[in-house]
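What follows is a single structure, written as structure tokens, with notes after it.
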Amino acid sequence: MSSTKRLLQALIMGAPGSGKGTVSERIVRSFDMLHISSGDILRKMIREKTDIGIQVNKFVSNGQLVPDELMLKTIGSELNRLSSTDRSWLLDGFPRTKPQALSLFQIAPVQVVISLDVPFDIIINRVKGRWIHAPSGRVYNTDFNAPKVPGHDDVTGEPLMQRDDDKPESVKKRLEIYSEMAGPILEYYAEQNILAKFSGKTTNEIWPQVYKYLATKIEPKEKLA
Ligand SMILES: Nc1nc2c(ncn2[C@@H]2O[C@H](COP(=O)(O)OP(=O)(O)O)[C@@H](O)[C@H]2O)c(=O)[nH]1
Ligand SMILES: Nc1ncnc2c1ncn2[C@@H]1O[C@H](COP(=O)(O)OP(=O)(O)O)[C@@H](O)[C@H]1O
């Protein structure tokens with residue numbers, strides 16, 4: 001009898017710099033899931049200087065949330081694709097407001113919400129060392145996971161960059177916004193009994209907890225390294 005493939009639709013939430021991208025990278029290495037990052041989608045539009053990219057950049061460069069209606073315009077087609085894919089997926093960075101959570105529910109309900117909880121003083125320090133390879137979304141850190149060649153992407157050798165919104169004043173503002181906005185969304189998912197919170201000071205502490213939890217929901221591709 002063919003075993004029906006258990007599909008998983010999941011979210012990963014957490015303050016800016018809490019490790020969503022880093023943990024997502026480990027998740028897709030260990031589980032057969034697509035990783036969709038709202039931040040990466042926005043940064044691609046901004047880089048390509050599309051009309052919508054120019055509009056969203058006004059908010060992203062100031063560390064403000066892109067307004068819900070405009071945000072749905074940027075990610076709507078991706079969400080619709082997810083609602084009909086036969087792959088499991090992990091959505092990173094969306095929703096960030098209650099209205100976004102309600103819109104997502106209409107398009108593609110989720111069964112698991114992973115919430116990362118890392119002290120803000122640790123985050124502020126970490127983000128100073130964040131470097132990204134914008135085209136791929138690969139994330140590095142001078143202290144935690146430095147590139148083999150300083151300033152260059154391990155895979156393509158292309159130059160790394162620091163994000164405009166990683167300047168200290170912008171990080172502070174984004175953390176404040178997160179503190180304000182995340183509560184109602186976490187509550188919304190806790191009421192549905194699908195919220196799983198993981199706390200720690202480092203990804204290496206958090207990751208094994210996330211792996212063990214996800215392994216109860218979806219078949220791992222590989223054992224925990
Ligand atoms: N020092 C340290 N840096 C980390 C750790 N986990 C992730 N990072 C780095 O911290 C920064 C923020 O991580 P990222 O995954 O981009 O967080 P996101 O903004 O929530 O997606 C990046 O530069 C990561 O490489 C950790 O455990 N320790
Ligand atoms: N769901 C969203 N709603 C509104 N704005 C968003 C959303 N996702 C990303 N953004 C914008 O893009 C910026 C970068 O997002 P992201 O890459 O997820 O940040 P971080 O990795 O620091 O958590 C946010 O500060 C915000 O301006």
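Just follow the structure's listing: the first ligand is 1, and inside any ligand the first atom is 1. Quick caveat: nothing in here was measured; it's all calculated off a predicted structure.
- Contact analysis puts Arg130 in contact with ligand 2, with a non-hydrogen atom separation below 4.0 angstrom.
- Contacts of Ala15 with ligand 1, taken as heavy-atom pairs under 4.0 Å, involve the backbone alone.
- Here the protein heavy atom with the shortest distance to atom 25 (O) of ligand 2 is Arg174 CD, 3.2 Å.
- No part of Trp131 comes within 4.0 Å of ligand 1, judged by heavy-atom distances.
- Salt-bridge formation is detected for the pair Asp166/Arg174: a Lys NZ or Arg NE/NH1/NH2 atom is positioned less than 4.0 Å from an Asp or Glu carboxylate oxygen.
- Taking distance alone, with nitrogen or oxygen atoms compared against 3.5 Å, Asp40 stays at or beyond that limit from ligand 2.
- The shortest side-chain heavy-atom distance between Ile185 and Val113 does not fall under the 4.5 Å cut-off.
- Protein heavy atom in closest approach to atom 21 (O) of ligand 2: Arg163 NH1, 3.4 Å.
- Nearest to atom 5 (N) of ligand 2 among the protein's heavy atoms is Val66 N, 3.0 Å.
- Considering backbone and side-chain N/O atoms, Gly19 comes within less than 3.5 Å of an N/O atom of ligand 1.
- Residue Asn145 touches ligand 1 through its side chain alone, judged by heavy-atom distances below 4.0 Å.
- Atom 16 (O) of ligand 1 has Arg130 NH1, 2.8 Å as its closest protein atom, hydrogens excluded (heavy atom only).
- Counting only non-hydrogen atoms, the option in Ser170, Ala15, Ser38, Gly93 that gets closest to atom 1 (N) of ligand 2 is Gly93.
- With respect to the salt-bridge test (charged N to carboxylate O, under 4.0 angstrom), the residues Arg81 and Glu78 qualify.
- For a threshold of 3.5 Å applied to N or O pairs, the pair formed by Val60 and ligand 2 contains no separation below that value.
- The single protein non-hydrogen atom nearest to atom 10 (N) of ligand 2 is Leu42 CD1, 3.4 Å, given as residue, atom name and distance.
- Residue contacts with ligand 2, taken as heavy atom pairs separated by less than 4.0 Å, involve Asp165 solely via side-chain atoms from C-beta onward.
- Looking at ligand 1, you'll find an N or O of Thr22 within less than 3.5 Å of one of its N or O atoms.
- The pair Lys73-Glu69 fails the salt-bridge criterion, with no side-chain N (NZ, NE, NH1 or NH2) lying under 4.0 Å from an Asp/Glu carboxylate O.
- Scanning Lys173, Lys20, Arg96, Gln64 for the heavy atom closest to atom 18 (O) of ligand 2 points to Arg96.
- A salt bridge is absent between Arg138 and Asp154: the closest approach of a Lys/Arg side-chain nitrogen to an acidic carboxylate oxygen does not fall below 4.0 angstrom.
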